[in-house]
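To start, the structure under review is shown below, and the notes come after it.
These numbers come from a predicted model, not from an experiment. Here is how names work: the chains are called A, B, and so on, in the same order as the sequence lines, proteins then strands, and each is numbered from 1.
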Amino acid sequence: MYTDKVMDHFKNPRNMGEIPDADGIGTVGNPTCGDMMTIYIKVKDNRIEAIKFKTFGCGAAVATSSMVTEIAKGKTLAEAMKITRANVADSLGGLPPVKMHCSNLAADALHAAIEDYYKKQKEVKK
Amino acid sequence: MDYSAGKPIGPKAAEAMLPYMETFYGNASSLHTIGREAGQALEEARTQVAELINAEKKESIIFTSGATESNNLAIKGFAYRNRDRGTRIITSSIEHMSVVNPVKFLTTKGFESVFLPVDQYGFVKLENLEKELTEKTILVSIVYANGEIGTIEPVKEISQIVHSKKAYLHVDATAACGQIPIDVKTDGVDLLTISSNDIYGPKGVGALYIKEGIRLEPSFHGGGQERGLRSGTENMPGVIGFGKAAEIAKKEMKTESERLTLLRDKMIKELLKPIPYSFLNGHPTKRLPNNVSVRYSFIEGESMLLSLDIIGVAASSGSACTAKTLEPSHVLLATGLKHEEAHGSLMFSLGKHNTMEDVDYVTRAMPDIVKRLRAMSPLTPKELIE
């Protein structure tokens with residue numbers, strides 16, 4: 001069902017953890033649905049300097065959140081906002097159709113973290 | 001350890017089937033010698049299956065393509081044939097989909113249905129059954145034992161209540177057959193479904209026990225085989241394998257269920273004790289000898305199954321992610337679990353080739369699997385993460 005790349009990210013997830021003093025945090029999904037992801041980012045000079053994830057969900061959920069952090073790390077916020085579910089799924093060598101929604105969640109969680117950063121920046125300016 | 005998904009054919013059953021593939025290929029309906037030989041073998045297999053459930057005579061058994069067909073025939077066949085007596089059908093909220101969906105289908109054909117609630121252990125509440133049995137009720141269909149959580153229903157008591165209200169009882173004994181003794185007479189059952197593969201016979205064969213006097217409308221019309229109830233040339237190799245498997249299941253039931261119970265209880269204990277926030281699904285003792293069904297908080301079932309598959313263990317889960325429909329197990333939800341609790345469920349159904357070594361292997365690996373997934377989960381409380 002899963003590609004070798006998906007299994008690799010499942011067995012050896014990249015950037016798993018929390019960032020206690022994160023600049024932006026994005027959470028999507030919920031335990032009732034069976035998929036929930038939280039992404040933490042640290043931003044420096046408009047780039048994602050550090051990024052971590054936590055996930056409650058299936059193999060695809062773990063792999064897509066791991067992969068999205070790998071893709072996003074080091075990118076500018078604008079570049080990171082452009083990362084789509086297709087980028088995530090393709091980087092993993094594809095996902096079964098029934099699991100594509102997991103890649104959507106991963107991209108959404110990343111974008112939510114970036115939006116949260118922007119929101120926090122606006123509040124700081126006030 | 002996912003025997004409820006599929007079992008190997010027992011060696012003696014497989015051996016019994018082979019000649020009926022290449023040598024004794026006759027059609028049981030034919031008059032000539034080759035046909036009559038097949039006919040005789042068919043009736044011997046019928047007797048073997050009848051004896052497994054203490055059916056009053058072998059003619060009460062008809063062969064089908066499996067438990068799903070038997071359930072469909074029992075429920076739809078009985079409803080259509082008896083609709084002038086009533087149009088109300090009662091079943092439970094923990095049935096297999098091959099019972100749920102025929103009942104749901106019948107509600108589009110003018111029947112009304114009731115899905116009885118169960119308690120936290122999965123037992124049908126008898127007072128609810130009594131309350132719902134109106135004079136329009138013709139059929140009650142309750143599973144003998146649920147294959148997901150292992151709960152063994154009080155079939156005798158259910159039968160007494162159903163018959164006191166002049167309705168009839170169908171029981172899906174797919175998961176129970178071969179593990180616990182079934183006696184259609186003393187259990188008071190009118191229709192009973194059994195599956196060949198669940199007793200180590202071939203897949204694609206099953207049976208329906210029909211008590212004498214019960215009339216059904218057939219699903220398959222054709223050449224009139226199986227007393228007109230199930231037309232179609234009989235699946236001879238399948239039926240022969242099923243019969244042999246039934247004979248062996250009857251012989252080995254006591255020792256095998258005792259053996260499995262020991263494995264089951266050790267496995268349940270070791271899957272729960274060392275791991276915090278772990279729970280048992282179903283009842284601790286009134287459960288099938290082979291059923292181990294647990295749940296762990298804060299993590300999800302499919303990722304547990306993947307982790308187990310990586311170390312060579314096959315299991316199952318009631319998580320939404322593992323279902324074709326992306327819905328969590330309706331059985332677990334019926335016992336009162338929240339969605340996220342159902343997502344964290346893990347089921348093992350033990351079988352003939354499982355040993356205590358297998359149990360030890362899995363229970364030794366489980367704490368680390370759970371720990372790893374909990375470390376990844378945003379739901380895990382701080383005190384659990386080291």
Side-chain angles (χ1 to χ4, degrees), chain A residues 1-20 22 25-40 52-69 95-106 109 112-113, chain B residues 5 277 295-312 314-330 332-333 336-346 365 368-386:
Chain A
M1 174 167 75
Y2 288 136
T3 63
D4 288 344
K5 260 224 137 140
V6 170
M7 288 310 290
D8 177 36
H9 277 263
F10 176 73
K11 286 192 269 195
N12 312 294
R14 290 45 163 171
N15 307 310
M16 193 276 286
E18 286 178 15
I19 301 176
I25 302 176
T27 297
V28 294
N30 59 72
T32 305
C33 283
D35 276 311
M36 182 176 160
M37 300 172 190
T38 300
I39 292 205
Y40 308 81
K52 289 229 184 269
F53 82 90
K54 282 234 168 162
T55 291
F56 162 80
C58 61
V62 171
T64 53
S65 31
S66 165
M67 179 53 90
V68 86
T69 63
L95 286 172
V98 66
K99 296 288 182 184
M100 280 303 288
H101 70 276
C102 296
S103 57
N104 218 17
L105 273 184
Chain B
Y277 293 92
R295 63 186 188 272
Y296 298 107
S297 305
F298 320 122
I299 58 179
E300 185 277 334
E302 198 225 64
S303 45
M304 280 193 274
L305 296 184
L306 274 182
S307 307
L308 285 166
D309 188 42
I310 287 166
I311 60 165
S316 171
S317 168
S319 162
C321 297
T322 61
K324 281 200 196 82
T325 57
L326 290 182
E327 294 278 330
S329 155
H330 67 287
L332 293 175
L333 294 182
L337 294 190
K338 297 195 275 262
H339 278 59
E340 54 261 41
E341 291 172 306
H343 295 321
S345 64
L346 186 59
D368 281 340
I369 289 176
V370 173
K371 217 176 273 178
R372 190 184 92 94
L373 294 173
R374 279 184 174 162
M376 269 196 250
S377 169
L379 301 172
T380 309
K382 291 268 182 289
E383 71 264 17
L384 275 190
I385 306 180
E386 286 151 14

A/Gly34 and B/Cys321 have their tightest heavy-atom pair at O-SG, 4.1 Å
So CG of B/Leu326 and NZ of A/Lys99: to nearest 0.5 Å the spacing works out to 7.0 Å
- Considering only heavy atoms from C-beta outward, does the side chain of A/Val62 approach that of B/Met376 to under 4.5 Å? yes
Under 4.5 Å to a heavy atom of chain A? For B/Leu305 that would be neither
Nearest heavy-atom contact between A/Phe56 and B/His343 is CZ-CB, 4.2 Å
The interface call for B/Ala375 against chain A, heavy-atom contacts under 4.5 Å, is both
_Counting only heavy atoms not in A/Asn12 (residues, nucleotides, ligands), do more than 12 fall under 6.0 Å from its CG?_
yes
OH (A/Tyr2) and CG (B/Asp309) are apart, to the nearest 0.5 Å, by 11.5 Å
Next item on the list: Walk me through it: do B/Leu306 and A/Met7 pass the test side chain to side chain contact (heavy atoms under 4.5 Å, CB included)?
Entry: CA-CA 9 Å; B/Leu306 274 182; A/Met7 288 310 290; 4.0 Å; yes
So CD of B/Glu300 and CG of A/Asp35: to nearest 0.5 Å the spacing works out to 7.0 Å
Of the listed A/Pro31, A/Gly59, A/Ala60, the one with the largest count of heavy-atom pairs under 4.5 Å with chain B is A/Pro31
Scored by heavy-atom pairs under 4.5 Å with chain B, the best of A/Gly17, A/Cys33, A/Ala61 is A/Cys33
Separation between CG (B/Leu379) and CE (A/Met36), nearest 0.5 Å, reads 5.0 Å
Nearest heavy-atom approach of B/Glu302 to A/Cys58 is OE1-CB, 3.3 Å
Bottom line for B/Ser307: the part with an atom under 4.5 Å from chain A's heavy atoms is both
Of B/Arg372, B/Glu327, B/Glu341, the largest count of non-hydrogen pairs under 4.5 angstrom with chain A goes to B/Arg372
